[in-house]
There are 2 protein chains.
Amino acid sequence: MAVDQRRSPTASERKRDPERTRARILEAAAAEFGAKGYAATRTTDIAARAGVNKQLISYYFGGKEGLYKELATSWHTTAAEMAHEAQPLDVVLASFVATTLTDQGRLWAWSNLAGDTPPTDEAFLRTQVDQLRARQAAGELPADLDPGLLLLALMAAASAPLTLRHTASQITGEDPATPEFAQKYAEQLSLLVRHLSGRT
Amino acid sequence: MAVDQRRSPTASERKRDPERTRARILEAAAAEFGAKGYAATRTTDIAARAGVNKQLISYYFGGKEGLYKELATSWHTTAAEMAHEAQPLDVVLASFVATTLTDQGRLWAWSNLAGDTPPTDEAFLRTQVDQLRARQAAGELPADLDPGLLLLALMAAASAPLTLRHTASQITGEDPATPEFAQKYAEQLSLLVRHLSGRT
DNA sequence: GATTAAGTCAACCCGTTGGTTGAAAACAAC
DNA sequence: GTTGTTTTCAACCAACGGGTTGACTTAATC
């Protein structure tokens, strides 16, 4: 660091940019919280990762907890755009699996276990359940399954590389936190769902 | 260590019983660790729950970490007896779901996320994969699925009430940590698996 | 050039936490 | 009663972690 450049102050290259540092802190926090969970992360580590002084996190977010809450709410927007349009089940599942690789995803998993924050957007869940029901009505999925519990099972299965990170690695011998694994796993899931519908 | 061969008063009525207090501490620790995860649990809380003085956990286990490790290894025996005999897939899944309700199960979920300890017994996993492969050969399951990834998906789905505790509650409006929920959910899962085999 | 905002630095405060110590009590066995 | 083990109690310690303070730099704005 300490790159000294005197240029015209185009906003993208500013030396002093509160928005940017805020974003950096948030990013670093997501990584740290996602890796170790709330209780085990140290604000010092967050600051270090963001390449920023530790007191800036108090300055911008009012402390560790404020930072966490800010992050917690942010994924609702992620969920919102994810459910924005009805898509084939393959795609939805692939999206689920994809979030597995993100810091946000890891954070979501932690908060789901800890139960500290409502982890998932309610509207998002309702939408998904409705879509599953529709697929049942269309004969794409067995009609005797409870759509809510089915959604739960599918979400859990999709986030296996995250929630069962260690076990996944034990079973496959690979690192489940790679794009390659995610893709392969997503394919298997859509294959599985296709078998559910009866279509071979 | 310190094997007590004296056989006089019924151990259940003893006022002083090192074995019993050890067990109590372990039990309390499983509950606390399972509820909040390692980093967030306080040794004081463990001692309080066990109804025991706090320095006894140092006395018997050499501190918080020793206690945790002792617990971590203990579930391998649980897994071992779970895989002891080949059973129908329904039953295996139901067993998975059942562990969801136990403190051991919660602890397993935490350690899986934190990645601190090899969470699952390797032999257990191998056995399960082999059994899935056998079921595929028997036509009970689609043959084009990778048995390892299938096991992963099934385990993840089965432990949804645990790993997606909060989300499960959001979807169903119920508390997923009840025997009733576990039973209902297990039924749905076996129904789902039955659909996989093609049998309606 | 002066002012203001953005950010750094080092030291410090203070509550918490895991762990320890050195008693003494309660109990069991002899 | 004596002895040895189990357990409690109260106080204490050192380390840590989150947060704060105040003085000091550096950049953008006017």
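Below, chains carry the letters A, B, ... as their sequence lines are ordered, and counting in each starts from 1. None of the values given here were measured: they were computed from a predicted structure.
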Exercise answer: donor-acceptor pairs, residues 181-189 of chain A side-chain atoms, under 3.5 Å, sequence neighbours excluded:
from, atom 1, to, atom 2, distance (Å)
A/Gln183, NE2, A/Glu187, OE2, 3.0
A/Lys184, NZ, A/Glu174, OE1, 3.4
A/Lys184, NZ, A/Glu174, OE2, 2.8
A/Tyr185, OH, A/Ala157, O, 2.6
A/Gln188, OE1, B/Asp146, N, 2.9

Atom [atom1] of [X] and atom [atom2] of [N]: how far apart are they, to the nearest Å?
X	N	atom1	atom2	result
A/Arg24	C/dA6	CZ	P	15 Å
A/Arg22	C/dA5	CZ	P	17 Å
A/Glu19	D/dA28	CD	P	16 Å
A/Asn53	D/dT20	CG	P	14 Å
B/Arg42	D/dG17	CZ	P	11 Å

Exercise for the section: Please identify each residue that fulfils ring-ring contact (aromatic ring centres under 6.0 Å, His included) with A/Tyr38, with sequence neighbours left out. Expected result: A/Phe33, A/Tyr68
Handout entry: Check against side-chain contact (heavy atoms from CB on, under 4.5 Å), B/Trp108 and A/Thr167
Key = CA-CA 10 Å; B/Trp108 175 77; A/Thr167 301; 3.7 Å; yes
Fill in the blank from the handout: Against the side chain of B/Thr43, the closest entry in C/dT8, D/dT8, C/dG18 is C/dG18
Handout entry: Test applied, salt bridge (Lys or Arg N to Asp or Glu O under 4.0 Å); reference residue, A/Asp45; option that passes from A/Lys64, A/Lys36, A/Lys54
Key = A/Lys36
Between side-chain atoms of residues 86-97 of chain B and protein atoms elsewhere (two or more places apart, or another chain), which donor-acceptor pairs fall under 3.5 Å?
from, atom 1, to, atom 2, distance (Å)
B/Asp90, OD2, B/Arg194, NH2, 3.1
B/Ser95, OG, B/Val91, O, 2.9

Problem - Any B/Thr21 side-chain N or O less than 4.0 Å from OP1/OP2 of D/dT6 - result: no
Problem - Members sharing A/Leu113's hydrophobic cluster (side chains within less than 4.5 Å) - result: A/Trp110, A/Leu162, B/Trp110, B/Leu113, B/Leu162
Fill in the blank from the handout: Numerically ordered, the residues 28-37 of chain A set in heavy-atom contact under 4.0 Å with DNA chain C is none
Exercise for the section: For DNA chain C, determine which residues of residues 54-66 of chain B have any heavy atom closer than 4.0 angstrom to one of its atoms, and list them numerically. Expected result: B/Lys54, B/Gln55, B/Ser58, B/Gly63, B/Lys64
Exercise for the section: For A/Glu27, look at atom CD and say whether over 12 heavy atoms of other residues, nucleotides or ligands are found less than 6.0 Å away. Expected result: no
Practice task
Mark yes or no for whether B/Glu70, through its side chain, and B/Leu26, through its backbone, hold a donor-acceptor pair below 3.5 Å.
Solution key: no
